[in-house]
Chemist: 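Below you will find the structure I want to go over with you.
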Protein chains: 2
Amino acid sequence: MREPFHPQTEDIELAAVMHALSDPVRLEIVARLADTDGENCGGIGDGIDVHKSTLSHHYRVLREAGVTLTTVEGRSRVVRLRTGDLETRFPGLLTSVLAALGRTASLQAD
Amino acid sequence: MREPFHPQTEDIELAAVMHALSDPVRLEIVARLADTDGENCGGIGDGIDVHKSTLSHHYRVLREAGVTLTTVEGRSRVVRLRTGDLETRFPGLLTSVLAALGRTASLQAD
DNA sequence: TGGATGGTTGGGCGATCGTCAAACTAACAT
DNA sequence: ATGTTAGTTTGACGATCGCCCAACCATCCA
């Protein structure tokens with residue numbers, strides 16, 4: 001399958017990022033991505049109690065807002081936080097959000 | 001008039017704050033509050049092109065999320081950013097948002 | 001080729017959102 | 001008392017949201 005759409009770093013909009021991070025399910029996803037060094041934790045819906053299509057929707061919102069990077073690996077997807085891009089675009093923002101979630105940002109280049 | 005409802009500092013929720021800061025009009029309001037040392041800039045709708053009731057709605061969202069503090073002064077309201085409370089609850093968050101808006105946080109105790 | 005796996009897409013549902021308009025309330029001035 | 005000023009509240013509107021279900025599409029393995 002084609003690689004899905006991702007905004008360029010400079011096209012990431014603050015309002016879109018804030019909106020993406022305003023939903024409990026998406027915050028939980030982001031928290032888990034932070035736990036696993038920015039990578040998706042094996043199977044796209046690891047214990048979050050929503051339908052898989054709902055989860056797919058949330059992953060899309062995060063991706064299109066520029067929060068995550070989704071790459072296709074065979075028949076599964078790997079999702080990573082765009083830690084570096086976000087730090088470039090909005091310094092300190094993701095770090096403080098992760099801190100608020102009780103996580104630590106593991107800064108790495110994307 | 002009665003003083004309106006404000007959440008306690010410890011009751012401020014991340015998702016609510018993120019949601020409050022995910023709308024362009026509200027981000028503009030926050031940016032202007034940051035410009036005027038956290039205070040409302042004379043007249044609650046200073047040049048933002050929305051109806052006054054819409055503006056009132058946005059001020060309520062910000063207040064109930066814990067982003068702003070609204071006090072009644074005669075027949076007008078004074079709105080301030082809850083800079084200190086937010087820094088306590090979610091360190092660095094408001095600062096990075098204001099930086100993203102091209103503003104500087106003027107940290108003061110509320 | 002066929003079947004299972006992993007995820008997306010589209011439709012539909014109720015709920016919430018941002019907006020405006022109109023009515024209302026409270027504070028001040030005359 | 002009357003009017004003005006400043007803002008809230010209520011109700012309505014279309015748009016979007018989060019959710020599920022069903023159908024679909026790719027990929028991999030037999």
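All chains are named by letter (A, B, ...) in the order of the sequence lines, taking the proteins before the strands, and each is independently numbered beginning at 1.
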Chemist: Roughly how far apart are B:His58 NE2 and B:Arg26 CZ, rounded to 0.5 Å?
Modeler: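 These two atoms lie 6.0 Å from each other.
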Chemist: I want to confirm an ordering. Mapping A:Arg63 and A:Ser76 to their closest nucleotides on DNA chain C, which one lands closer to the 5' end?
Modeler: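 With A:Arg63 and A:Ser76 compared, the 5'-side residue is A:Ser76.
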Chemist: Nearest 0.5 Å please: distance from the OG1 atom of A:Thr9 over to the CZ atom of A:Arg82.
Modeler: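 Rounded to the nearest 0.5 Å, the OG1-CZ separation comes to 5.0 Å.
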Chemist: Tabulated below should be each protein N or O lying under 3.5 Å from an N or O of nucleotides 28-30 of chain D; please produce it.
Modeler:
none

Chemist: Starting from C1' on C:dC28, measure out to CZ on B:Arg77 and report it in whole angstrom.
Modeler: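 To the nearest whole Å, that distance equals 13 Å.
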Chemist: What is the distance, rounded to the nearest whole Å, between atom CG of B:Leu55 and atom P of D:dT9?
Modeler: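 For the pair B:Leu55 CG and D:dT9 P, the rounded distance is 14 Å.
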Chemist: Tell me whether B:Glu13 at atom CD has more than 12 heavy atoms from other residues, nucleotides or ligands lying less than 6.0 Å away.
Modeler: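 Open: at most 12 neighbouring heavy atoms sit under 6.0 Å from CD of B:Glu13.
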Chemist: Please identify which of these residues, B:Leu81, B:Thr95, B:Leu93, B:Leu94, meets the side-chain contact (heavy atoms from CB on, under 4.5 Å) condition with B:Leu86.
Modeler: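 That would be B:Leu94; it is the only one of B:Leu81, B:Thr95, B:Leu93, B:Leu94 passing the side-chain contact (heavy atoms from CB on, under 4.5 Å) with B:Leu86.
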Chemist: Rounded to whole Å, how long is the line connecting atom OH of B:Tyr59 with atom P of D:dA6?
Modeler: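 The distance from OH of B:Tyr59 to P of D:dA6 comes to 14 Å, rounded to the nearest Å.
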Chemist: Tabulate protein N/O versus nucleotide N/O from nucleotides 17-22 of chain D, keeping only pairs under 3.5 Å, one per line.
Modeler:
| from | atom 1 | to | atom 2 | distance (Å) |
| --- | --- | --- | --- | --- |
| D:dG18 | OP1 | A:Arg26 | NH1 | 3.3 |
| D:dG18 | OP1 | A:Arg26 | NH2 | 2.7 |
| D:dG18 | OP2 | A:Arg26 | NH1 | 3.4 |
| D:dG18 | OP2 | A:His57 | NE2 | 3.3 |
| D:dC19 | OP2 | A:His58 | NE2 | 2.3 |
| D:dC20 | OP2 | A:His51 | N | 2.7 |
| D:dC20 | OP2 | A:Thr54 | OG1 | 3.1 |
| D:dC21 | N4 | A:Ser53 | OG | 2.5 |

Chemist: Can you check the B:Ile48 CD1 to C:dT19 P distance for me, whole Å?
Modeler: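 Nearest whole value for this atom pair: 10 Å.
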Chemist: Counting only heavy atoms not in B:Asp11, do more than 12 fall under 6.0 Å of its CG?
Modeler: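 Yes, because the 6.0 Å sphere around CG of B:Asp11 holds more than 12 heavy atoms from other groups.
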Chemist: According to a strict under-4.0 Å criterion, is A:Ser56 in side-chain N/O contact with OP1 or OP2 of C:dT8?
Modeler: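 Answer is yes, contact under 4.0 Å.
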Chemist: Provide, to the nearest angstrom, the distance between the CD atom belonging to A:Glu3 and the P atom belonging to D:dT27.
Modeler: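 Value for this atom pair: 11 Å.
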Chemist: Set out, in order, the CA-CA distance, both residues' side-chain angles and the distance that settles side-chain contact (heavy atoms from CB on, under 4.5 Å) for A:Leu55 and A:His57, then state yes or no.
Modeler: CA-CA 5 Å; A:Leu55 217 39; A:His57 159 70; over 6 Å; no
Chemist: Could you tell me the separation between the CZ atom of A:Phe5 and the C1' atom of C:dT9, rounded to a whole number of Å?
Modeler: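 It works out to 18 Å between those atoms.
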Chemist: Identify whether the distance between the nearest side-chain nitrogen and carboxylate oxygen of A:Arg77 and A:Glu73 falls below 4.0 Å.
Modeler: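 Not counted as a salt bridge, because no side-chain N and carboxylate O are separated by less than 4.0 Å.
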Chemist: Counting only heavy atoms from other residues, nucleotides and ligands, does the tally under 6.0 Å from CD of A:Gln8 exceed 12?
Modeler: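 Not buried by this count: 12 neighbours or fewer within 6.0 Å.
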Chemist: About how many Å separate CZ of A:Arg60 and OG1 of A:Thr70, when rounded to the nearest 0.5 Å?
Modeler: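 Between atom OG1 of A:Thr70 and atom CZ of A:Arg60 there are 11.5 Å.
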